Amino acid sequence: YFYPQDDTSGCTKEACSFEENRSSLRRKGAVLLGVSANSVESHEKFASKYGLTFPLLSDPDKKVINRYGVWGPKQMFGKKYLGILRTTFVIDETGKIKRVFEKVRVDGHAAEVMGAL
């Protein structure tokens with residue numbers, strides 16, 4: 001899953017929800033990876049602070065982020081800017097994208113992903 005920023009309210013809630021459901025995801029054969037443009041050091045602090053045990057991948061050059069098409073226009077408090085669009089991909093064991101969750105709402109998202117597996 002792609003998320004905008006370590007240690008912000010929505011991203012923390014999403015990461016913790018995935019962590020709470022990690023064993024169920026694993027039983028379904030899923031491998032969970034979080035991706036953002038934050039540094040490795042930022043990811044380490046974020047994971048340590050919240051007890052996240054799944055990999056957080058750092059993409060500061062946005063190569064993977066751009067390849068998946070999750071860098072785009074956003075708006076907050078009337079201000080427009082570019083950023084990571086919160087998106088989750090379900091990819092099968094052959095590498096085929098089976099499902100894409102765009103404009104993710106954090107509440108209930110982990111359960112939604114579980115249902116897609």
Side-chain angles (χ1 to χ4, degrees):
Y1 75 99
F2 292 88
Y3 66 99
Q5 184 74 34
D6 288 341
D7 210 7
T8 57
S9 61
C11 295
T12 298
K13 190 173 186 177
E14 182 178 30
C16 289
S17 179
F18 275 129
E19 181 64 38
E20 290 168 7
N21 288 282
R22 188 164 184 247
S23 60
S24 296
L25 288 164
R26 196 173 342 174
R27 279 193 299 275
K28 289 189 172 230
V31 175
L32 177 62
L33 303 170
V35 183
S36 80
N38 292 112
S39 68
V40 170
E41 295 80 13
S42 177
H43 284 337
E44 288 172 351
K45 288 178 187 174
F46 183 47
S48 178
K49 183 174 180 179
Y50 294 100
L52 305 177
T53 59
F54 57 89
L56 298 176
L57 307 179
S58 176
D59 186 21
D61 296 330
K62 301 174 192 71
K63 290 178 183 176
V64 175
I65 290 165
N66 280 315
R67 283 205 163 158
Y68 276 84
V70 297
W71 183 258
K74 298 174 77 169
Q75 185 171 336
M76 184 183 294
F77 305 118
K79 182 181 174 188
K80 294 180 181 183
Y81 63 98
L82 292 175
I84 294 176
L85 307 171
R86 191 182 306 276
T87 309
T88 299
F89 292 83
V90 176
I91 303 170
D92 72 12
E93 58 278 350
T94 68
K96 182 177 179 185
I97 296 173
K98 301 300 276 182
R99 177 91 188 262
V100 180
F101 295 91
E102 297 177 299
K103 299 180 183 175
V104 168
R105 293 178 133 332
V106 172
D107 289 330
H109 182 56
E112 186 179 32
V113 170
M114 296 250 309
L117 298 176

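Quantities reported herein were computed from a predicted structural model and do not represent experimental measurements.
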For this session: Go through the steps for S58 and E41 under the test side chain to side chain contact (heavy atoms under 4.5 Å, CB included), then give the verdict.
Result: CA-CA 9 Å; S58 176; E41 295 80 13; over 6 Å; no
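You'll find the side chain of S36 stays beyond 4.5 Å of the side chain of Q5, heavy atoms only. Counting heavy atoms from C-beta on, the side chains of V113 and F18 come closer than 4.5 Å.
Between atom CZ of residue F46 and atom OG1 of residue T8 there is a gap of 7.0 Å, rounded to the nearest 0.5 Å. Taking OG from S39 and NZ from K45, the interatomic distance works out to 7.5 Å, rounded to the nearest 0.5 Å.
L52 and V40 fall into different hydrophobic clusters, defined by Ile, Leu, Val, Met, Phe, Trp and Tyr side-chain heavy atoms under 4.5 Å apart, directly or through other members. Under a hydrophobic-cluster definition in which Ile, Leu, Val, Met, Phe, Trp and Tyr are linked whenever side-chain heavy atoms come within less than 4.5 Å, directly or via other members, L32 and Y50 are assigned to the same cluster. Side-chain heavy atoms closer than 4.5 Å link hydrophobic residues (I, L, V, M, F, W, Y) into clusters, and following such links, possibly through other members, connects F89 to V31. L56 is connected to L25 through a chain of hydrophobic side-chain contacts under 4.5 Å among Ile, Leu, Val, Met, Phe, Trp and Tyr, so both are in one cluster. The same ILVMFWY cluster, assembled from side-chain heavy atoms under 4.5 Å apart, contains both L33 and I91.
A pairwise comparison of heavy atoms in V100 and I97 identifies CG2-CG2, 3.6 Å as the closest pair. Across every non-hydrogen atom of K28 and M114, the tightest pair is NZ-O, 3.3 Å. Taking every heavy atom of both residues into account, T87 and L85 meet most closely at OG1-O, 2.7 Å.
Put simply, the side chain of N38 gets close to the backbone of D6: a donor and an acceptor are under 3.5 Å apart. A donor-acceptor pair is defined here as one N or O able to donate and one able to accept, closer than 3.5 Å; such a pair exists between the side chain of E19 and the backbone of T53. In this structure, the side chain of T94 does not engage the main chain of D92 through any donor-acceptor pair within 3.5 Å.
Sequence neighbours left out, the pairs with a member in residues 95-114 that pass side chain to side chain donor-acceptor pair (under 3.5 Å) are K13-D107, T88-H109, H109-E112.
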Show which side-chain atoms of residues 61-75 pair as donor or acceptor with protein atoms under 3.5 Å away, not counting sequence neighbours.
from, atom 1, to, atom 2, distance (Å)
N66, ND2, K62, O, 2.9
K74, NZ, I84, O, 2.8

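S23 and R26 share no side-chain donor-acceptor pair at under 3.5 Å.
A tilted orientation is assigned to the rings of H43 and Y3, their planes being inclined by 30° to 60°.
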